[in-house]
Amino acid sequence: MLTYCLRRLAFSVPVLIFISFAIFLLMDMAPNDPTANLPMSIPAETRAQLREALGMGDPLVARYLLWCKQFFIHEPLNWLTDLTGLSFGDPDRLRVLSWASRAPVVELIAERLPQTLWVVGLSYLLGILIALPVGIYSAYRQHGWFDHLGSFISMIGYSVPSFFLGVVVIVIFAVKLNWFPSVYDTTLTVTGWDSLMDQLRQMIMPVTILALYNAAQISRFMRASMLENLHHDYVRTARAKGASEPRVVLAHVARNSLLPVVTVIALGVPQVLAGAIITEQIFKINGIGELLISSIQSGDLPVVQTLTFLFAVLIVLFNLLADIAYGLLDPRISYD
Amino acid sequence: MTDLSVLSAPPKGFWWRFLRHKGAVFGGGLLVLILLAVLIGPFLWPHEAGQINVTARNLGPSLLHPMGTDHLGRDLFAAVLQGGRVTILVGVVAMALSVLIGATVGILAGMIRWLDAPLMRLTDLFLALPVLPLLLVTIMLWRDSLRSQFGAEAGIFLLIVAMIALTSWMQTARILRAEVLALKKREFVTAATALGLRPWGLIRRHILPNVMGVIIVSATLGLANAIITESALSFLGLGFPPDHPTWGRLLFDGTEYLTLTPARAIWPGLMITLTILCANYLGDGLRDALDPRGSIGHK
């Protein structure tokens, strides 16, 4: 098992290096000018100097290696310094800086991450909590009314794009009924009961929409996995020895059916985070998705590059976790 | 339509099982209806998309304007019909390209042993790409140069179609590789090889007809995926320009006027949803009809 984990980990390193280089190349080849958004009155020589100062004159490989050094060596060291209070190496090392705000990219992301994690995390948790019972019961009473209703709703949740559902929910609950605010107030800090209620009220709509989508996907997998297990011999054995029906379904079938679903849940995490890009745009939440879109629009390549690479890291990481979790949970699988 | 005998038809017949799946029949029918409407509709409908009529601003639904009008008095129904053409064209072309790449990679990986490992590693690599951020970045960076090369509409069309196809072929490739590997173990393939059929002939005569069903299912689900991606890009303001609005762009423009005329956002969104729902139901039904064990979780 350990050798398998190490081998998988070793394989993900070249994947990440390749992806980071591909992202770097993609941005580098593009006809993009970071000085294009500056005032027209700046003369051409000054623009050239600005580009030079941003390091755009250096050869491609040098710039890529510099970015790697900043991203993989300097930023983790800074992080370690902040965490432990000790200083490692030269405190004035170069950092990955945003072109637009001149602030370190890592700090920008750290500032935005909590909002995204709150909304996405809560909705994923809620989605799983809805999906598992729905999937189990739908499969247990296959072709029953609950199964048909559940399948229909999950098909809808799966097919209705979040950007449309978000708009519909805003029209109904924010514009017509005026129950919830349509714009997420990001300056709100929870200090007491009232502000906590405000925070909950503004989180209800985005969280519900994301949760519905997650629940739709996971419940489809849970149902399919339950259906495959329900007709195995061990289920008949459990019934024959007199185990109660809830015990047969929950302790025997559901437990075994959860195995593939756990991997689906792990594999879904990066997708859900990427989906937040759209949700954040609808409700104007200032999370990392909003940061990505605004950086794209202002041509702030370091931020865009770092965020895109972070998404790739998340995908590779959760793929790895899913594989390892499957091996740990299912004793029938041996990787050695 | 494909000849029925070539769809790897298990007992009781493909059509019998497909017609029993009511959602799929309904979805398929509605999808054809939507296709016809956007193809023929703009010729029959009296109002032209984008025609300004200041005396008829912000109207509600009526017989003359079934979906109402916008702040410049433009008929929304005409805009939706016209926008549907672009949306569905993007969906169909991107899906066809994606299936073509996926099928080529999958069949090559399944047929040629020394290509298998590198092609599958390549597929894994593409599966690890963060698709949405990458799409957004590419469009932001390349939009202007392609626009000056091919013109406003064609440039963005080529870019979006190519990017959607390049980031969505992996599932098709994986499924087809598994299918081809399973087929290669069957006796009739061994017999054909023993009789001296060349690899290319084997693919054309025996492999392709047998995986056609899988390809069709992939294509149906790929259509839904391509439409949803294009709409999401347009919704984020990085898709088609406002003078050639797709459904996603109409929805995006409509969100500015949610308090005044919510219908401007609802109708295009409803059309996107309906098309995706139909394609997904059709894909599900086709898959169930082709695979009698009928399970959703299989990949």
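Quick note on labels: first sequence line is chain A, next is B, and so on, each numbered from 1. These numbers were taken from a predicted model, which means no experiment stands behind them.
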query = Can you say whether B:Leu127 sits under 4.5 Å from chain A via the side chain, the backbone, both, or neither, judging by heavy atoms?
reply = backbone

key: Options A:Leu314, A:Val316, A:Ile278, ranked by heavy-atom pairs under 4.5 Å with chain B, top entry   = A:Ile278

request  = Sort and list the pairs that fulfil side chain to side chain donor-acceptor pair (under 3.5 Å) and have at least one residue in residues 217-229 of chain B, not counting sequence neighbours.
outcome  = none

ask   = What part of A:Ile23 lies closer than 4.5 angstrom to a heavy atom of chain B: side chain, backbone, both or neither?
value = side chain

request  = Take atom CZ of A:Phe21 as the centre, draw a 6.0 Å sphere, and report whether it contains more than 12 heavy atoms from other residues, nucleotides or ligands.
outcome  = yes

remark   = So, the part of B:Leu277 with a heavy atom under 4.5 Å from chain A: the answer is both

Heavy-atom closest contact (A:Ile282 atom, B:Phe235 atom, distance) = CG1-CE2, 3.8 Å

Under 4.5 Å from a heavy atom of chain B, the part of A:Val15 involved = both

key: Greatest number of heavy atom pairs closer than 4.5 Å to chain A - which of B:Leu238, B:Thr138, B:Leu270   = B:Leu270

remark   = With chain B, the option among A:Val313, A:Val171, A:Leu273 that has the most non-hydrogen atom pairs under 4.5 Å is A:Val171

ask   = Checking side chain to side chain contact (heavy atoms under 4.5 Å, CB included) for the pair B:Leu251/A:Phe163: CA distance, chi angles, key distance, verdict?
value = CA-CA 9 Å; B:Leu251 175 61; A:Phe163 47 87; 3.3 Å; yes

message = Heavy-atom cut-off 4.5 Å, strictly under: side chain, backbone, both or neither for B:Thr275 against chain A?
response = neither

query = Just how far is it from atom CG of B:Leu236 to atom CD of A:Gln281, taken to the nearest 0.5 Å?
reply = 5.5 Å

request  = Could you look at A:Phe309 and say if it's the side chain, the backbone, both or neither that has a heavy atom under 4.5 Å from chain B?
outcome  = neither

message = Among residues at least two apart in sequence or on other chains, which ones pass salt bridge (Lys or Arg N to Asp or Glu O under 4.0 Å) with B:Asp116?
response = B:Arg177

request  = Go through the atoms of B:Ala265 and report whether side chain, backbone, both or neither lie under 4.5 Å from a heavy atom of chain A.
outcome  = both

request  = Can you tell which part of A:Leu16 gets under 4.5 Å to a heavy atom of chain B, answering side chain, backbone, both or neither?
outcome  = neither

inquiry  = I need the residue from A:Ile296, A:Thr308, A:Val304 with the largest number of non-hydrogen atom pairs under 4.5 Å to chain B.
reply    = A:Ile296

note = Residues of residues 128-137 of chain B with a heavy atom under 4.5 Å from any heavy atom of chain A, in residue-number order, are B:Ala128, B:Leu129, B:Pro130, B:Leu132, B:Pro133, B:Leu134, B:Leu136, B:Val137

ask   = Which pairs count as salt bridge (charged side-chain N to carboxylate O under 4.0 Å, His left out) when at least one residue sits in residues 14-27 of chain A, sequence neighbours excluded?
value = none

task = Hey, could you give me the CD1/OG distance between B:Ile227 and A:Ser159, rounded to the nearest 0.5 Å?
result = 11.5 Å

inquiry  = Would you say OH of A:Tyr64 has more than 12 non-hydrogen atoms from neighbouring residues, nucleotides or ligands within 6.0 angstrom?
reply    = yes

inquiry  = Counting only non-hydrogen atoms closer than 4.5 Å, does A:Ile19 touch chain B with its backbone (N, CA, C, O), its side chain (CB onward), both, or neither?
reply    = side chain

request  = Mind checking the CZ-CG spacing from A:Phe11 to B:Asp124? Nearest 0.5 Å is all I need.
outcome  = 6.0 Å

request  = Give, as side chain, backbone, both or neither, the part of B:Tyr281 having an atom under 4.5 angstrom from any heavy atom of chain A.
outcome  = both

